[in-house]
Amino acid sequence: MGNKYKKDFPVFEKKPCVYLDSAATAQRPAVVIEAERNFYEAMNANPLRGLYELSMSATLAYEEARSAVRDFIGAKEDAEIIFTRNTTESLNLIAYSYALNFCHEGDEIVTTVMEHHSNMLPWQMAAKRCGAKLVYLEPEPDGSFSEEELEKKITEKCRILAIAQVSNVFGCVHPIKELAKRVHKSGGIIVVDGAQSAPHMKVDVKELDVDFFAFSGHKLMAPFGIGVLYGKSELLEKMPPFLLGGEMIEYVRLDGATYAELPHKFEAGTVNPAGAHGLKAAIEYLLSVGFDEIRKTEDNLTKIIFDEFNKLPYVHIYGSEDPEKHTGIVAFTIDGVHPHDIASILDADKVDIRAGHHCAQPLMDYLKVGNTARASLYLYNDEEDVEAFIASVKKIRKIMGYADYTG
Ligand code: C6P
């Protein structure tokens, strides 16, 4: 059965492939490509500066995109939405601007061994520089954290809990609302890496009561180079700027400067209005499909993969045994075959997956695997895609010279 959204994505016509690497970056629908093109054709000027019509349309497009993001994640006001380049920059902004100024010796910064490097290295740096202790939560095999582990590691010393809502390896969803409650009780804050959640599930930052939430446009079908940092305004207000330069100032003298109000205090230099305009189009497209439909597609296809992989004794899936707890992400290994060989063999069949450490080396160490293969789904995938993927996986052991071929 085909997928009715696939035709919205020009890449599948121009470069036919089975694309199963959406956790790395999503494909873009024509409406997003058109929106970015339209920006350059009809609105292109440096925004927030010019007093002429073209610049004002660029400013308008940029600020309208901010409002669209505000609504998309349920923020209180536009001032709480900072445009960045990506999740990585958003998380670094918090580490440099919040942690280095509000964490001290005796405090603890808590994160997990399963974080993407982008949600680990900034905290390693911050802890080292401010003298706080870095504490790592260790997951159960399904990616969840036991009550005992949470109780032991999130104490009254915890100033920051930094955690992904969805793991880019296990695909498991962490209970962010409960974790926020837990950390707030002791006066800490929660920083949520939403890179893998915002494209796949409804996020309401007010409802979750998170202090910061970061995500990348490119994983939810927007152009590369546009990302988002949501922060509660009372926190953003008291933080110093992360980058200094043009357009983030109020007044500059030779001996110092005062800074612009939120959100511009955190958006130094020329911003990315074309990317923001494309992000707005991506959000509109995504919402026109709807999260229920996205989850249904991903869960159905993940189940097909699980059912088939469970019949192959040499294939091992990481994370929960329940396909509905994977957010469309299936990390796996095949006995005796390096994940890079898996990816290369699949590539010969035009099946695109990722293989490697997935920028989560400490998790690979924790699992005692150097690398894994990973298939990740999105709203444009269909049964034909997963059937081609499974057929290709079934050939691998034979190609690698093993006798126990069961395909
Ligand atoms: N993960 C993957 O294939 P950037 O690169 O800044 O847009 O996103 C970083 C990032 C942060 N957190 C999580 C949970 C992520 O999955 C990613 C990006 C991609 O898994 C590329 S390494």
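Ligands are counted one by one from 1 in listed order, and the atoms in each one are counted from 1 as well.
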Chemist: Please list, one pair per line, the donor and acceptor atoms closer than 3.5 Å that link side chains of residues 12-19 to other protein atoms, with sequence neighbours excluded.
Modeler:
from  : atom 1 : to    : atom 2 : distance (Å)
Tyr19 : OH     : Asp21 : O      : 3.1
Tyr19 : OH     : Thr25 : O      : 2.7

Chemist: Side chain of Asn381, backbone of Leu20: donor and acceptor closer than 3.5 Å?
Modeler: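 Pair absent, no side-chain N/O of Asn381 close to backbone of Leu20.
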Chemist: Report the residues that fulfil salt bridge (charged side-chain N to carboxylate O under 4.0 Å, His left out) with Asp209, sequence neighbours left out, ordered by chain and then residue number.
Modeler: Lys232
Chemist: Given Phe389, which partner from the list Leu301, Asp352, Leu346 fulfils the side-chain contact (heavy atoms from CB on, under 4.5 Å) test?
Modeler: Leu346
Chemist: Using the side-chain contact (heavy atoms from CB on, under 4.5 Å) criterion, which residues pair with Asp204? Sequence neighbours excluded.
Modeler: Lys206, Glu207
Chemist: May I have every N or O pair linking ligand 1 to the protein at under 3.5 Å, one per line with atom names and distance?
Modeler:
from     : atom 1 : to     : atom 2 : distance (Å)
ligand 1 : 1 (N)  : His116 : NE2    : 3.4
ligand 1 : 1 (N)  : Lys219 : NZ     : 3.0
ligand 1 : 3 (O)  : Arg354 : NH1    : 2.5
ligand 1 : 3 (O)  : Arg374 : NH1    : 3.4
ligand 1 : 3 (O)  : Arg374 : NH2    : 2.7
ligand 1 : 6 (O)  : Thr87  : N      : 3.4
ligand 1 : 6 (O)  : Thr88  : N      : 2.9
ligand 1 : 6 (O)  : Thr88  : OG1    : 2.5
ligand 1 : 7 (O)  : Ser216 : OG     : 2.6
ligand 1 : 7 (O)  : His218 : NE2    : 2.7
ligand 1 : 12 (N) : Asp193 : OD1    : 3.2
ligand 1 : 12 (N) : Asp193 : OD2    : 2.5
ligand 1 : 16 (O) : Gln196 : NE2    : 2.7
ligand 1 : 20 (O) : Asn168 : ND2    : 2.8
ligand 1 : 20 (O) : Arg374 : NH1    : 2.8

Chemist: Compute the ring centroids of Phe215 and Tyr230, then answer whether they are less than 6.0 Å apart.
Modeler: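 Between Phe215 and Tyr230, the centre distance exceeds or equals 6.0 Å.
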